[in-house]
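These notes concern the structure reproduced below.
Atom set for the values below is all heavy atoms of this structure, side chains included, hydrogens, waters and symmetry mates excluded. What you see is a predicted model, and the numbers here were worked out from it, not measured in a lab.
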Amino acid sequence: MLKNNDFSDIALGRRSIRVYDETVKISREEMLEMIQKATRAPSSVNLQPWRFVVVDSDEGKAKLRPLVRWNTIQNDTSSAMLLIFGDLQCYEYAEEIYDKAVAEGKMSEKVKNEQLADIIPLYKSFNKEKMKKAVKLDSALAAMQFMLVARSHGYDTNPIAGFEHGQLAEAVGLDKERYVPVLILSVGKALETGEETVRLDAKKITTFE
């Protein structure tokens, strides 16, 4: 459970973490636990289009290093680099997701069938650009959720958008026509406090009607 000061570190006084303690390792079991918690993020019609690749081996990081541009320090020192993709064919999991909802008593069989009859054809009708927008939005919500979860586990993160988007999927064995790169998160224990960033005042960026 997040404490108030944990949330403020991420949301209210975020510091940009670049260098991590290389001696700190995150077990794959704990990483899966954090990812599972991150998937509690909302998604459109609960299709959960986010897909994760955890790069935590020396070999994996060496392969990733040329693709992260000026973010090599995070790659080299973090416990892991979490690659987040959006699945353009996420609707293929719709029946599995909705069957699980029925099995857990969260939805009736009738409602499941009615919703799937609408959702699957609708998503299949989207052109590629529309699907990209949909899956990127949902996957970005999961990314932010993971950042909060990681902080509650005592780890630090740094969101990275500066990487070779066109090469990332194939570099980790994914179909680049299906999986759209959204964000990379470096994860680990910060070795330095980092520079605190500033934000515009809420009054400057908000209007009320």
Side-chain angles (χ1 to χ4, degrees), residues 1-41 50-87 136 138-176 179-199:
M1 182 176 180
L2 285 172
K3 298 177 181 178
N4 289 337
N5 61 334
D6 290 334
F7 184 81
S8 65
D9 285 346
I10 287 288
L12 303 182
R14 171 147 185 86
R15 294 176 181 271
S16 186
I17 303 301
R18 294 288 186 272
V19 183
Y20 296 87
D21 184 344
E22 296 180 63
T23 67
V24 175
K25 306 300 180 184
I26 301 175
S27 71
R28 293 187 173 184
E29 181 181 13
E30 185 176 14
M31 184 64 72
L32 284 171
E33 180 186 347
M34 291 192 291
I35 290 173
Q36 189 68 62
K37 291 177 181 177
T39 63
R40 300 303 299 174
W50 41 70
R51 304 291 180 260
F52 304 92
V53 176
V54 180
V55 180
D56 60 0
S57 67
D58 291 340
E59 296 77 12
K61 284 191 171 188
K63 186 165 56 174
L64 184 61
R65 197 175 197 273
L67 305 181
V68 295
R69 298 179 182 171
W70 51 86
N71 299 293
T72 53
I73 294 176
Q74 296 98 307
N75 181 72
D76 296 346
T77 63
S78 64
S79 300
M81 298 284 274
L82 182 64
L83 283 49
I84 302 173
F85 295 87
D87 183 358
K136 282 186 173 182
D138 289 345
S139 299
L141 292 173
M144 187 69 229
Q145 182 90 339
F146 181 91
M147 294 172 72
L148 293 168
V149 169
R151 189 73 186 101
S152 74
H153 278 242
Y155 301 116
D156 303 284
T157 57
N158 182 225
I160 298 169
F163 56 87
E164 302 299 334
H165 287 245
Q167 302 176 44
L168 193 67
E170 286 187 315
V172 293
L174 297 179
D175 179 0
K176 68 177 182 179
Y179 299 99
V180 181
V182 176
L183 197 68
I184 297 176
L185 295 177
S186 58
V187 190
K189 180 71 74 171
L191 193 61
E192 59 181 18
T193 57
E195 297 179 2
E196 187 170 351
T197 54
V198 299
R199 294 293 184 269

>> Quick check: do V182 and F85 have side-chain heavy atoms less than 4.5 Å from each other?
In response: no

>> With side chain to side chain contact (heavy atoms under 4.5 Å, CB included) as the criterion, how do D87 and Y179 come out once you've worked through the C-alpha distance, each side chain's angles and the decisive distance to 0.1 Å?
In response: CA-CA 5 Å; D87 183 358; Y179 299 99; 3.7 Å; yes

> How about Q36 and T39: do any of their side-chain heavy atoms sit closer than 4.5 Å?
Replying inline: yes

> Quick one: are H153 and I26 in side-chain contact, heavy atoms under 4.5 Å?
Replying inline: no

> Sub-3.5 Å donor-acceptor pair from the side chain of K189 to the main-chain atoms of G154, do we have one?
Replying inline: yes

> Would a 4.5 Å heavy-atom cut-off, applied to side chains only, mark I35 and V54 as touching?
Replying inline: yes

> How long is the span from the CG atom in L148 to the CZ atom in R40, to the nearest 0.5 Å?
Replying inline: 15.0 Å

>> Run E33 and K37 through salt bridge (charged side-chain N to carboxylate O under 4.0 Å, His left out) and show every step you take.
In response: CA-CA 6 Å; E33 180 186 347; K37 291 177 181 177; 3.4 Å; yes

>> Applying side-chain contact (heavy atoms from CB on, under 4.5 Å), can you list everything that pairs with K25, at least two apart in sequence or on another chain?
In response: none

> Taking atom CG of D156 and atom CG of L191, what is their separation to the nearest 0.5 Å?
Replying inline: 10.5 Å

>> Which heavy atom of G166 sits nearest to which heavy atom of K176, and what is that distance?
In response: O-CD, 4.3 Å

> How far apart are the closest heavy atoms of P159 and L185, and which atoms are they?
Replying inline: CA-CD2, 3.5 Å

> Who passes side-chain contact (heavy atoms from CB on, under 4.5 Å) against S27, sequence neighbours left out?
Replying inline: E29, E30

>> Testing the basics here: between A142 and A38, what is the closest heavy-atom pair and its distance to 0.1 Å?
In response: O-CB, 3.9 Å

> Between S78 and G188, is there a donor-acceptor pair closer than 3.5 Å when you use the side chain of the first and the backbone of the second?
Replying inline: no

> Quick one: does L64's side chain get under 4.5 Å of L168's, heavy atoms only?
Replying inline: yes

Distance-only donor-acceptor pairs under 3.5 Å for side chains of residues 66-77, two or more places apart:
residue, atom, partner, partner atom, Å
R69, NE, E164, OE2, 3.1
R69, NH2, F163, O, 3.2
N71, OD1, Q74, NE2, 3.2
N71, ND2, V68, O, 3.1
N71, ND2, G162, O, 3.0
Q74, NE2, N158, OD1, 2.8
N75, ND2, K61, O, 3.2
D76, OD1, R65, NE, 3.0
D76, OD2, R65, NE, 3.0
D76, OD2, R65, NH2, 2.9
T77, OG1, Y20, N, 3.0
T77, OG1, I73, O, 2.8

> In chain order, what residues pass the side chain to side chain donor-acceptor pair (under 3.5 Å) check against D21, with sequence neighbours excluded?
Replying inline: T23

> Only one of I84, L141, V180 clears side-chain contact (heavy atoms from CB on, under 4.5 Å) with K136; which?
Replying inline: V180

> So, do M34 and Y155 sit near enough that their side-chain heavy atoms are less than 4.5 Å apart?
Replying inline: yes

>> Using the rule side-chain contact (heavy atoms from CB on, under 4.5 Å), only one of I160, V53, V187 pairs with M81; which is it?
In response: I160

